Amino acid sequence: MSLTERTPAGEVRSDQVGREVDLYGWVHRRRDLGGLIFIDLRDRSGIIQVKFDPVNAQAHATGGELRLESVIHVRGPVQRRPPGTENKELATGAVEVEARSVTILNRAQPPPFAVNEDNPVDEQLRLRYRYLDLRRGRMARNLQLRHRIAKAIRDFLDDEGFVEIETPVLIRSTPEGARDYLVPSRLKPGYVYALAQSPQLYKQLLMVAGMDRYFQIVRCYRDEDLRADRQPEFTQLDLEMSFVGEDDVLDVVERCFAYIWEKVLGNPISTPIRRITHAESMLRYGVDKPDLRYRLEIQELSPIFARSEFKIFRQALDAGGVVRGLRIPRTVGTKEIEALTEVARGEGAKGLAFWHREADGWRSPITKFFSERELTDLQQTMNAEPGDLVVAVADRVEVAAPALGAVRKAAARMLGLINAGIFEFVWVTEFPLFERSKETGEITAAHHPFTSPRPEDIGLLDDQPLKVRARAYDLVLNGTELGSGSIRIHDPELQQRVFQGLGISREEAERRFGFLLTAFRYGAPPHGGFAYGLDRVVMLAAGEETVREVIAFPKNQQAEEPMTDAPAPAEPKPLRELGLQLLRPPAPPTP
RNA sequence: GGCCCCGUGGUGUAGCCUGGUCUAACACGCAGCCCUGUCAAGGCUGAGAUCGGCGGUUCAAAUCCGCUCGGGGUCGCCA
């Protein structure tokens, strides 16, 4: 049997009236009027109404047996609907198909949740019956949007002269960054592969290979805890270019996004995307991924209070800290101030100073501690209108900035300043090359160890490594980090110095990255690139809150796949073949 | 691992704060009957939950308390 004569349900139009068509699809809804029976038949293309008239006795009898989500084949003529019975909600609403014959290809049990509407359903249940969930409008739309975005990316980069090249998934573990998923080698017992966290080293080697402009839509694996925007396996758009500087990379990436937003979403973004340095972002927004959908900005207040009598400010400033403030453009009640204070405390601040602005001056429990001059200067800087609230944090800069960043975000939500459907892209540039690990206190790579320092900062590498800025940049959309990139080091000597800064000895560097250092001695072009999370891009484009809504078969927070119940207990035979032994028997599966 | 939220028929909710009137309500779905222009079809009838589990308090627990299991959010973690 061939189904080549299949007519897509959603594409039947009045110009086909009188034509006999073959429809194949699912029973989306049924309306049994006793005599006439109407069925909404659904396939991926859409929905059409099928009419079962008692005149066609056989078909009508079968029509009476149909149940939701059964799969059927209907044959019959396309008919114009009688005047007044057209359905303007449906693309096919001017016509219907009269079933002259109908075959039930698969009788469906009642589904565990309604497939013909997008009402909320427990997510674990949706994931257990994901194939039903994917039939629903929301997921079907999201997956098709994802496809169109991926295609737009490929079309755009192909036009720009990029070549899509696949790189290995089973790779050598490089114990940097996230925890690896390990795959034991059967042929070399005791040896392991890691699943690639990203194609980073391979794409750089492709540049050494002269590939010039590479990209890949590639699955990446990181064994870390899950979040609304994080899955253990996720998809990245990865690209790399030779003979370029920062501006070349940023230009290609932002034109790529402009292309997606225009072609796929029909919602053009303004380019060039604005840029902000990392230092400025930390100062003005308290984060390295600012949400610019709202305008609240943090202000430096330290100079104003440089000689303040107020003990809390005094102590912070004397200890080399800062006082920074945020104007909240609305009257905020005591309860809300308490909530904001909790937010600040959650980020390590000891508290939140606040002043209400009134027509004739400041009102606050702490006003009495400040001089007239200080209060005037405060108004000068904050530009508060009567009714506004000004809050401030005094602490070390590493505490004050993120605390106010969190308060800014909470205040924006509290005041309803965030409009849905707005897309505010921003580049964050000049990231530091290194950062100090909160855990171990050691210096680690802020981006990755192949990131080039800015030439003017190379002199600081040995003495003040934390001051060295990198040729690294992040792309941020609505406060979500989409991705990051950098200009890479292509000089083996400079690479060695950066390894040294990271406390990686020459021997260790040679052992772990020798292949890269060697490659760089055979003619490595200057190169740089970028990578961004496709799941996150689609999530934001679709207006979804989690990446699970744009992934066909995602993992839950325990990194389980509830439909197949992966992961499953290890079986003895494959373990033996791999030369592995379990220290502990697997826990019994939880029901 | 810490913190926060959620768990009531197949699905989604109400009831919980303030214990008894809960013999657990409503909508959808499901089953049966009626119905020839519906499109979230309509009407009538019916089945279906011991309120995630265990323990406690009480004359009495869906409701209060403790523990626990499951799900989600978040911090840590994510070069």
Side-chain angles (χ1 to χ4, degrees), chain A residues 28-41 47-55 60 63 67-69 79 81-90 92-93 96 98 109-129 132-133 136 174-180 197-198 200-201 220-232 234 342-343 345-348 402 406 431 433-435 437-439 442-451 470 472 481 484 486 498 502 504 512-513 531 533 545-546 548 556-558 560 562 589-591:
Chain A
H28 185 67
R29 246 184 254 284
R30 60 195 201 100
R31 295 174 290 278
D32 187 341
L33 275 59
L36 283 177
I37 300 168
F38 294 101
I39 294 287
D40 287 341
L41 183 84
I47 286 172
I48 179 131
Q49 173 164 283
V50 176
K51 179 181 74 172
F52 297 83
D53 195 303
V55 173
H60 184 264
R67 293 297 174 266
L68 296 180
E69 297 309 313
Q79 298 174 347
R81 292 198 190 187
T85 66
E86 299 90 349
N87 185 344
K88 291 189 173 56
E89 304 294 309
L90 283 182
T92 58
E96 62 195 4
E98 179 181 309
Q109 296 179 12
F113 52 85
V115 171
N116 56 16
E117 54 190 22
D118 276 327
N119 292 345
V121 175
D122 175 73
E123 194 175 6
Q124 192 74 357
L125 189 68
R126 291 173 60 201
L127 294 182
R128 195 181 324 279
Y129 296 93
L132 297 179
D133 191 37
R136 306 206 296 167
T174 55
E176 289 267 338
R179 192 177 297 113
D180 279 325
Q197 293 185 25
S198 83
Q200 182 61 36
L201 291 166
C220 301
Y221 305 85
R222 296 180 187 175
D223 187 6
E224 298 291 351
D225 284 355
L226 289 79
R227 290 287 186 280
D229 61 356
R230 260 163 45 188
Q231 283 272 302
F234 63 100
E342 269 319 300
V343 169
R345 286 217 181 94
E347 295 296 317
F431 268 73
L433 187 64
F434 302 120
E435 62 193 10
S437 161
K438 268 167 260 168
E439 217 176 302
E442 287 167 0
I443 288 187
T444 59
H447 181 48
H448 58 57
F450 319 108
T451 302
E481 178 194 327
S484 57
S486 64
V498 170
L502 290 166
I504 300 175
R512 279 165 52 188
F513 305 113
E545 301 282 333
T546 85
R548 297 189 299 276
N556 68 11
Q557 200 166 68
Q558 277 55 250
E560 297 160 337
T590 43

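Naming: A, B, ... by sequence-line order, numbering from 1 per chain. What you see below is based on every heavy atom in this structure, not just the backbone, and it leaves out hydrogens, waters and symmetry mates. These numbers come from a predicted model, not from an experiment.
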Atom pairs under 3.5 Å, N or O on each side, protein against nucleotides 46-53 of chain B: can you list them with distances?
none

Tell me whether the OP1 or OP2 atom of [N] has a side-chain N or O from [X] closer than 4.0 Å.
X	N	answer
A:Gln124	B:rG70	no
A:Arg230	B:rU74	no
A:Asn119	B:rG12	no
A:Gln558	B:rG72	yes
A:Arg31	B:rA41	yes
A:Arg548	B:rG73	yes

Margin query: Partner lookup for B:rG42, please. Criteria are Watson-Crick or G-U wobble with both distances under 3.5 angstrom; report none if nothing qualifies.
Written below: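 Because both required distances fall under 3.5 Å, B:rG42 counts as paired with B:rC34.
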
Note to self: Only pairs with both distances under 3.5 Å count, Watson-Crick or wobble alike; so what is the partner of B:rU21 in this structure?
What the structure shows: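 With both distances under 3.5 Å required, B:rU21 matches none.
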
Provide the distance between the two [atom1] atoms, one in [N] and one in [M], to the nearest whole Å.
N	M	atom1	answer
B:rC44	B:rA49	C1'	24 Å
B:rG37	B:rG48	P	35 Å
B:rC51	B:rG19	C1'	15 Å
B:rG42	B:rU36	C1'	14 Å
B:rG66	B:rA24	C1'	25 Å

Next item on the list: Could you check A:Phe52 against A:Asp32 for side chain to side chain contact (heavy atoms under 4.5 Å, CB included), going step by step and ending with a plain yes or no?
Entry: CA-CA 9 Å; A:Phe52 297 83; A:Asp32 187 341; over 6 Å; no

Next item on the list: Could you tell me which residues satisfy side chain to side chain donor-acceptor pair (under 3.5 Å) with A:Arg30, sequence neighbours excluded, listed by chain and number?
Entry: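 For A:Arg30 there are no side chain to side chain donor-acceptor pair (under 3.5 Å) partners, ignoring immediate neighbours.
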
Does the [N] base have a donor-acceptor partner in the side chain of [X] within less than 3.5 Å?
X	N	answer
A:Gln109	B:rG10	no
A:Arg81	B:rU38	yes
A:Asp122	B:rG12	no
A:Arg29	B:rC39	no

Note to self: Return whichever of A:Gly34 or A:Val121 has its heavy-atom-nearest nucleotide of RNA chain B closer to the 5' end.
What the structure shows: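 Whichever sits nearer the 5' end wins; that is A:Val121.
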
Notebook entry, point to check: If you pin A:Pro82 and A:Leu125 to their nearest nucleotides in RNA chain B, which one's is more 5'?
Noted result: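 The residue closer to the strand's 5' end, by nearest nucleotide, is A:Leu125.
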
Notebook entry, point to check: With a non-hydrogen cut-off below 4.0 angstrom, is A:Glu86 in contact with a base, only sugar-phosphate, or nothing?
Noted result: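 Touches a base.
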
Identify all pairs in which a protein N or O lies below 3.5 Å from an N or O of nucleotides 25-31 of chain B, and state each distance.
unit_1: B:rA31; atom_1: OP1; unit_2: A:Arg67; atom_2: NE; d: 3.0

Item checked: Nearest-Å distance for atom pair CG/C1', residues A:Asp32 and B:rG32 ->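 That distance rounds to 13 Å.
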
Next item on the list: May I ask whether A:Phe38 stacks on the base of B:rU38, given the cut-offs of 5.5 Å between ring centres and 30° between planes?
Entry: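 Per 5.5 Å and 30° rule: yes, stacked.
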
Checklist line | Flag side-chain contact, heavy atom, 4.5 Å: A:Arg81 against A:Asn87 | finding: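 Yes - at least one pair of side-chain heavy atoms lies under 4.5 Å apart.
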
